[in-house]
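The analysis underlying the following values was restricted to heavy atoms, covering all of them including side chains, and did not include hydrogens, waters or symmetry mates.
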Amino acid sequence: MGFAMRMPLNSQIIKPASVRNLYINGAKNGLEFDVQLAYYRGHYLSDIDLLEVFVDGERMPTEAVTFEVNGKELPIYKLSWAVTEFWSQVEPARIRVIKRGGLAPGEHEIRLNLMLRVPYMCIGPDHNYMPLDSGDVVRVEIGEEEQG
């Protein structure tokens with residue numbers, strides 16, 4: 001991929017205060033968190049080339065991750081077809097991950113690999129587009145909690 005642009009306009013891409021367990025049918029079976037673009041413009045979801053979530057160094061399966069923005073929740077494989085769905089720079093998106101048992105109490109590391117293509121910045125002789133790195137890593141403390 002070569003050079004990737006990085007413009008950390010937000011001090012936090014992953015919002016640590018938003019990281020919480022996800023309850024499904026009364027059982028702790030995942031986690032969710034909010035993310036914001038690290039760029040001065042919004043992007044269409046079809047411009048997302050890579051979205052991976054790691055929890056404590058373990059890559060979460062792609063089929064276990066969804067992306068929600070504008071009240072619409074999509075599995076990762078459908079993002080490339082979301083050509084009319086726009087993610088504004090000022091609006092956070094929500095990432096949900098199905099993970100048996102969710103997050104145990106204690107410290108956890110959440111890593112998001114998020115690469116977008118900037119469709120108006122054509123580079124190179126093969127008409128590739130500028131890649132934008134909008135990933136992040138945070139450490140969060142999960143306390144004891146009641147059912148969400």
Side-chain angles (χ1 to χ4, degrees), residues 1-119 128-148:
M1 181 178 303
F3 177 79
M5 186 167 43
R6 180 93 172 146
M7 297 182 77
L9 299 180
N10 302 310
S11 61
Q12 300 173 331
I13 295 169
I14 297 174
K15 305 300 183 188
S18 72
V19 178
R20 63 184 169 268
N21 278 306
L22 179 62
Y23 287 81
I24 301 168
N25 294 329
K28 187 167 49 168
N29 275 312
L31 64 135
E32 61 184 6
F33 56 92
D34 294 340
V35 298
Q36 195 167 9
L37 280 171
Y39 194 53
Y40 71 100
R41 300 178 93 164
H43 277 279
Y44 288 97
L45 299 188
S46 58
D47 291 330
I48 297 174
D49 286 335
L50 174 71
L51 194 158
E52 298 174 323
V53 177
F54 292 78
V55 177
D56 298 326
E58 176 188 354
R59 185 181 182 277
M60 299 292 100
T62 301
E63 62 273 10
V65 180
T66 62
F67 183 94
E68 180 185 336
V69 70
N70 304 325
K72 297 175 184 164
E73 186 174 7
L74 298 168
I76 301 306
Y77 78 91
K78 286 194 174 183
L79 294 178
S80 63
W81 289 294
V83 296
T84 61
E85 203 58 51
F86 192 75
W87 181 16
S88 168
Q89 189 277 334
V90 297
E91 292 297 322
R94 175 150 302 148
I95 305 291
R96 287 192 179 92
V97 181
I98 303 300
K99 181 181 185 312
R100 186 180 305 271
L103 297 173
E107 188 176 81
H108 296 277
E109 181 183 89
I110 310 294
R111 185 173 89 200
L112 174 69
N113 290 342
L114 180 60
M115 294 297 293
L116 300 98
R117 100 184 72 80
V118 182
N128 293 317
Y129 294 96
M130 175 64 73
L132 170 66
D133 180 356
S134 197
D136 196 12
V137 177
V138 296
R139 294 195 75 74
V140 295
E141 184 74 29
I142 300 296
E144 292 292 333
E145 59 195 38
E146 295 298 317
Q147 180 175 338

Side-chain donor or acceptor of Asp47 paired with backbone N/O of Leu116 under 3.5 Å: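 Between the backbone of Leu116 and the side chain of Asp47 there is no qualifying donor-acceptor contact (under 3.5 Å).
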N/O donor-acceptor pair under 3.5 Å between Glu32 side chain and Arg20 backbone: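 Not confirmed, Glu32 side chain does not pair with Arg20 backbone.
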Distance-minimising heavy-atom pair for [X] and [Y]:
{"X": "Val35", "Y": "Trp87", "answer": "O-CZ2, 3.7 Å"}
{"X": "Asn29", "Y": "Gly101", "answer": "OD1-N, 3.6 Å"}
{"X": "Phe67", "Y": "Ala93", "answer": "CZ-CB, 3.5 Å"}
{"X": "Ala104", "Y": "Ile142", "answer": "O-CB, 3.8 Å"}
{"X": "Phe54", "Y": "Arg59", "answer": "CE2-CB, 3.3 Å"}
{"X": "Asp56", "Y": "Glu107", "answer": "OD1-O, 4.4 Å"}

By side chain to side chain donor-acceptor pair (under 3.5 Å) - contacts of Glu141 (at least two apart):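 Result, side chain to side chain donor-acceptor pair (under 3.5 Å) vs Glu141: none returned.
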Residue list, side-chain contact (heavy atoms from CB on, under 4.5 Å) with Val138, at least two apart or on another chain: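 Expected list: Ile14, Pro16, Ile110, Asp136, Val140.
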Point-to-point distance, once rounded to the nearest 0.5 Å, from [atom1] of [X] to [atom2] of [Y]:
{"X": "Leu37", "Y": "Ile48", "atom1": "CG", "atom2": "CD1", "result": "7.5 Å"}
{"X": "Glu52", "Y": "Ile76", "atom1": "CD", "atom2": "CD1", "result": "10.0 Å"}
{"X": "Leu31", "Y": "Met60", "atom1": "CG", "atom2": "CE", "result": "7.5 Å"}
{"X": "Leu74", "Y": "Leu51", "atom1": "CG", "atom2": "CG", "result": "11.5 Å"}

Exceeds 12 heavy-atom contacts within 6.0 angstrom, atom CZ of Arg100: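 For Arg100, atom CZ is not crowded (no more than 12 foreign heavy atoms under 6.0 Å).
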OH/Tyr44: more than 12 non-hydrogen atoms of other groups inside 6.0 Å: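 No, not enclosed.
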Residue pairs, two or more places apart or on separate chains, that pass salt bridge (charged side-chain N to carboxylate O under 4.0 Å, His left out) and touch residues 78-94: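 Non-adjacent pairs meeting salt bridge (charged side-chain N to carboxylate O under 4.0 Å, His left out): Asp34-Arg94, Lys72-Glu85.
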Leu114 side chain near Ile13 side chain, heavy-atom distance below 4.5 Å: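 Side chain of Leu114 against side chain of Ile13, heavy atoms only: no contact under 4.5 Å found.
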